[in-house]
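What follows is a single structure, written as structure tokens, with notes after it.
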Amino acid sequence: MKSASSSIIYSLEGSLTKLLLVSGQLVIHSSIACLSAVIRLSKNTQLVRDVFVRYHSIVIQCQQKILEKPDEEFKGSAQLARSIYILGVLCKYFDVEKSEFDDLEFSVDDLFQLFIFFIQRRESVVKLKSLVGLGFFLQRYGQYLVRDTVRQLYHNYLLDRRPTAAQLRCQVLINLEEYFRDCIRRMAEQDIDYLHLTQTANPTPNEDENSNDGTGPTGVNLKDTTDVHSEMASSIAQCYLRVVLDTYLSEDETIRQCVRKVVTCILEQGLVHPVQFIPYLIAMTTDRDTNIQQSAEQNLQDLDKTNPGIIQTKVMHGLKMSYQLQKLLAVTSQNKTNTQQTHVPNEIIRGMTKVAVTPSNSQQSPYCSVNHFLYSLIRSSRVYRRALISQLLKMFDNDTTTTTSTTLGEQLFVADNLAYFPYQVQDEPLYLIEQIDLTVSVSGSTQLQQFRDLLKQYLDYTDDDEGIDLSRLEEKFLQLSDAVVDELNQCLRTSKSTMLLLILKSYLKDVYGLNDTKITEYDHTES
């Protein structure tokens with residue numbers, strides 16, 4: 001509205017301020033938001049000053065009581081929590097640094113110190129409401145987010161893995177999400193205000209055709225103002241991104257949801273380079289929560305369109321992170337189903353998941369790969385899908401000289417994925433089998449030779465056509481030291497990854513009806 005009758009505005013202002021006394025937090029937030037819109041019409045900043053002073057004085061009185069008797073339990077937690085929350089929402093909608101609030105006896109920094117003081121209190125309700133209030137405060141005064149006090153506070157909460165800290169971790173993530181969303185809202189509001197001011201000051205658009213410097217009647221350049229907001233948001237995103245992403249690997253579904261929202265918000269605004277999100281987005285596509293899953297799939301699709309080939313650079317990290325997430329989810333489900341048991345055995349993490357098979361499609365496999373979306377995203381490009389297969393097969397390389405060797409559990413997870421990827425043309429499984437043959441021909445022969453050498457060294461094993469005298473080998477085997485037996489066992493353990501590949505090859509041949517002749521005749525260079 002451009003104008004309204006004074007009686008309506010007066011009664012509305014009174015009603016809104018009364019709601020703050022008795023309502024819940026959602027109504028309080030809506031009331032102050034509505035009040036800010038009303039004050040734009042009435043220009044009654046005195047009312048806002050009075051509300052600020054009223055709730056600030058309540059919070060200050062509570063602080064003084066706590067400082068006077070720090071060891072005693074504070075009795076007025078409910079009133080304090082309400083007042084600190086209201087103070088935070090007021091900071092979101094009204095800028096106390098503006099000239100109309102010059103006569104207030106407290107500064108922005110005084111308000112900030114108040115929030116920090118009460119966040120450190122023992123009372124859970126006061127701590128939480130103070131953190132919520134601080135989040136609203138930081139939406140307007142985002143410069144505090146890069147200060148050591150807030151940065152350390154937020155990092156400590158996000159890194160706290162205790163179940164009791166889950167609510168505070170979620171609130172920190174909500175605060176960050178709301179800050180980034182508010183940046184979008186503020187820039188949109190500035191665009192509207194700028195256009196309104198321009199139209200008011202320049203009713204005749206052709207007055208000066210050569211004036212195209214983007215500077216409005218107030219002398220403020222819209223682009224510069226927007227750039228300042230974007231730079232600040234980008235700095236804050238870079239400051240918190242790593243710890244936010246690391247928070248995703250959590251048993252708590254609510255925390256994972258909050259991380260997903262922050263990630264989506266940062267990606268939408270393009271505040272940081274997207275490559276560092278990819279491993280986490282790949283893991284999110286395997287989440288049990290469908291909202292997280294679908295959001296991550298959409299984000300990956302968008303990234304693949306705008307940056308072709310970027311996903312390929314982080315596939316290995318993404319698969320490893322998917323495995324870590326599945327381990328966490330398996331432990332969580334085990335804890336729910338085995339609460340009566342004192343010992344919970346480690347569950348084997350598989351790389352496929354059950355799907356509903358409709359009666360009309362009885363030929364459909366009852367399983368699909370956990371990372372099926374990742375493969376379906378890049379399978380249309382032969383170069384990218386083959387690069388993915390080659391990268392995944394490298395995870396079966398047990399070269400002890402490399403620092404990136406994978407566990408047998410991870411290799412099983414990858415083998416399951418390779419078995420149940422949504423292949424659509426015969427070139428896909430044939431290429432995979434060809435690469436398996438190449439890998440096995442190198443690693444398999446090396447492993448066999450190592451084992452033969454050990455047998456020759458310790459058991460006088462002779463490799464000839466006369467066969468092996470097992471009874472004689474067994475007698476000598478029983479006389480071996482534990483160190484030698486461990487060495488033989490290590491050689492056997494190393495061969496398990498090769499055995500996995502051979503089982504995978506056998507499975508692919510059965511499922512896709514591929515015989516040895518077809519495999520031999522296959523040439524991956526043919527178009």
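Counting from 1, the numbers follow the sequence of the chain as shown.
Side chain to side chain, Asp453 and Gln457 fail the donor-acceptor criterion of an N or O pair below 3.5 Å. Remark: the Gln25 side chain and the Lys129 side chain contain an N/O donor-acceptor pair separated by less than 3.5 Å.
Ionic pairing of Asp516 and Lys509 is present here: one or more N-O contacts between side-chain nitrogen and carboxylate oxygen are shorter than 4.0 angstrom. Between Asp397 and Lys394, none of the side-chain N atoms (NZ, or NE/NH1/NH2) sits under 4.0 Å from a carboxylate O, so this pair counts as no salt bridge. Using a cut-off of 4.0 Å between Lys/Arg side-chain N and Asp/Glu carboxylate O, Glu268 and Arg181 are scored as salt-bridged.
In this structure the side chain of Val331 never reaches within 4.5 angstrom of the side chain of Glu251, judged on heavy atoms. Looking at heavy atoms from C-beta onward, Leu374 lies in side-chain contact with Leu319 at the 4.5 angstrom threshold. In this structure, Lys320 and Met395 have side chains that are in contact, with non-hydrogen atoms separated by less than 4.5 Å. The closest side-chain heavy-atom distance from Leu153 to Ile119 is below 4.5 Å. Looking only at side-chain heavy atoms (C-beta outward), Leu438 and Leu393 stay at 4.5 Å or farther from each other. The side-chain heavy atoms of Tyr323 and Val370, taken from C-beta on, include no pair separated by under 4.5 Å. Using a 4.5 Å heavy-atom cutoff, the side chains of Tyr154 and Val243 are not in contact. Looking only at side-chain heavy atoms (C-beta outward), Met321 and Ile282 stay at 4.5 Å or farther from each other.
Here the shortest heavy-atom pairing between Gln447 and Ser495 reads OE1-CA, 3.3 Å. Taking every heavy atom of both residues into account, Lys518 and Gln426 meet most closely at NZ-OE1, 3.5 Å. The two residues Phe115 and Ile84 come nearest to each other via the heavy atoms CE2-O, 3.6 Å. Between Leu514 and Pro429, the shortest heavy-atom distance links the atoms CD1-CB, 4.1 Å. Closest heavy-atom contact between Lys92 and Arg140: O-NH2, 3.0 Å. Closest heavy-atom contact between Leu501 and Thr439: CD1-CG2, 3.9 Å.
Looking only at distances, no side-chain donor or acceptor of Gln391 sits under 3.5 Å from a matching main-chain atom of Met316. Formation of a donor-acceptor pair under 3.5 Å by the Ser295 side chain with backbone atoms of Asn291 is not found in this model. Side chain of Asp304 to backbone of Leu300: no donor-acceptor contact under 3.5 angstrom is found. In this structure, the side chain of Ser234 engages the main chain of Leu271 through a donor-acceptor pair within 3.5 Å.
Ring centroids of Tyr522 and Tyr431 are separated by 6.0 Å or more, keeping the two rings apart. A centroid separation of less than 6.0 Å is found between the aromatic rings of Tyr375 and Tyr423. Checked against a 6.0 Å centroid threshold, the rings of His29 and Tyr93 count as neighbours. Side-chain rings of Tyr280 and Tyr248 stay apart, their centers remaining 6.0 Å or farther from each other.
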Under the side-chain hydrogen bond (donor to acceptor under 3.5 Å, both in side chains) rule, what do Gln293 and Asp289 come out as? Steps first, then yes or no, please.
CA-CA 6 Å; Gln293 193 182 100; Asp289 184 281; over 6 Å; no
Apply side-chain contact (heavy atoms from CB on, under 4.5 Å) to Gln435 and Arg386, showing your working.
CA-CA 10 Å; Gln435 295 304 305; Arg386 286 183 174 181; over 6 Å; no
Step by step, would you call Asp416 with Phe413 a side-chain contact (heavy atoms from CB on, under 4.5 Å)?
CA-CA 5 Å; Asp416 282 337; Phe413 179 78; 5.8 Å; no
Stepwise, does the side-chain contact (heavy atoms from CB on, under 4.5 Å) test hold for Leu168 with Asp160?
CA-CA 9 Å; Leu168 295 172; Asp160 192 343; over 6 Å; no
Please walk me through it: do Asn515 and Ile519 pass side-chain contact (heavy atoms from CB on, under 4.5 Å)?
CA-CA 6 Å; Asn515 54 39; Ile519 292 167; over 6 Å; no
Does Asn371 form a side-chain hydrogen bond (donor to acceptor under 3.5 Å, both in side chains) with Ser369? I'd like the steps, not just the answer.
CA-CA 5 Å; Asn371 289 94; Ser369 67; over 6 Å; no
Apply the test salt bridge (charged side-chain N to carboxylate O under 4.0 Å, His left out) to residues Asp427 and Arg385: give CA-CA distance (whole Å), side-chain angles for both, the deciding distance (0.1 Å), then the verdict.
CA-CA 11 Å; Asp427 175 73; Arg385 74 172 183 245; 2.9 Å; yes
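Here the options are Glu177, Glu178, Gln171, the test is side-chain hydrogen bond (donor to acceptor under 3.5 Å, both in side chains), and the partner is Asn175; only Gln171 passes. Tested against Phe136 for a ring-ring contact (aromatic ring centres under 6.0 Å, His included), the candidates Tyr179, Tyr85, Tyr141, Phe112 yield a single pass: Tyr85. Screening Gln449, Gln490, Glu487 for a side-chain contact (heavy atoms from CB on, under 4.5 Å) with Leu454, the sole residue that qualifies is Glu487.
Distance check, rounded to the nearest 0.5 Å: OG of Ser376 to CZ of Phe421 gives 9.5 Å. Rounding to the nearest 0.5 Å gives a distance of 11.0 Å between CG of Leu492 and CD of Gln450. To the nearest 0.5 Å, atoms CG (Leu504) and CG (Leu418) are separated by 6.0 Å. Distance OH/Tyr240 to OG1/Thr247: 12.5 Å, rounded to 0.5 Å. Note: Phe396 CZ to Thr498 OG1 = 9.5 Å, rounded to the nearest 0.5 Å. A distance of 11.0 Å separates SG of Cys170 from CZ of Arg256, quoted to the nearest 0.5 Å.
Taking a 6.0 Å sphere around CD of Gln167, one finds it holds 12 or fewer heavy atoms contributed by other residues, nucleotides or ligands. For His155, the NE2 atom counts as densely surrounded, since its 6.0 Å shell holds more than 12 non-hydrogen atoms of other residues, nucleotides or ligands. Other residues, nucleotides and ligands place more than 12 heavy atoms under 6.0 Å from the CG atom of Asp510.
Legend: residues meeting salt bridge (Lys or Arg N to Asp or Glu O under 4.0 Å) with Glu434, ordered by chain and number and at least two apart, are absent.
Geometric assessment of Arg147 against the ring of Tyr144 yields a positive cation-pi assignment under the 6.0 Å and 45° thresholds.
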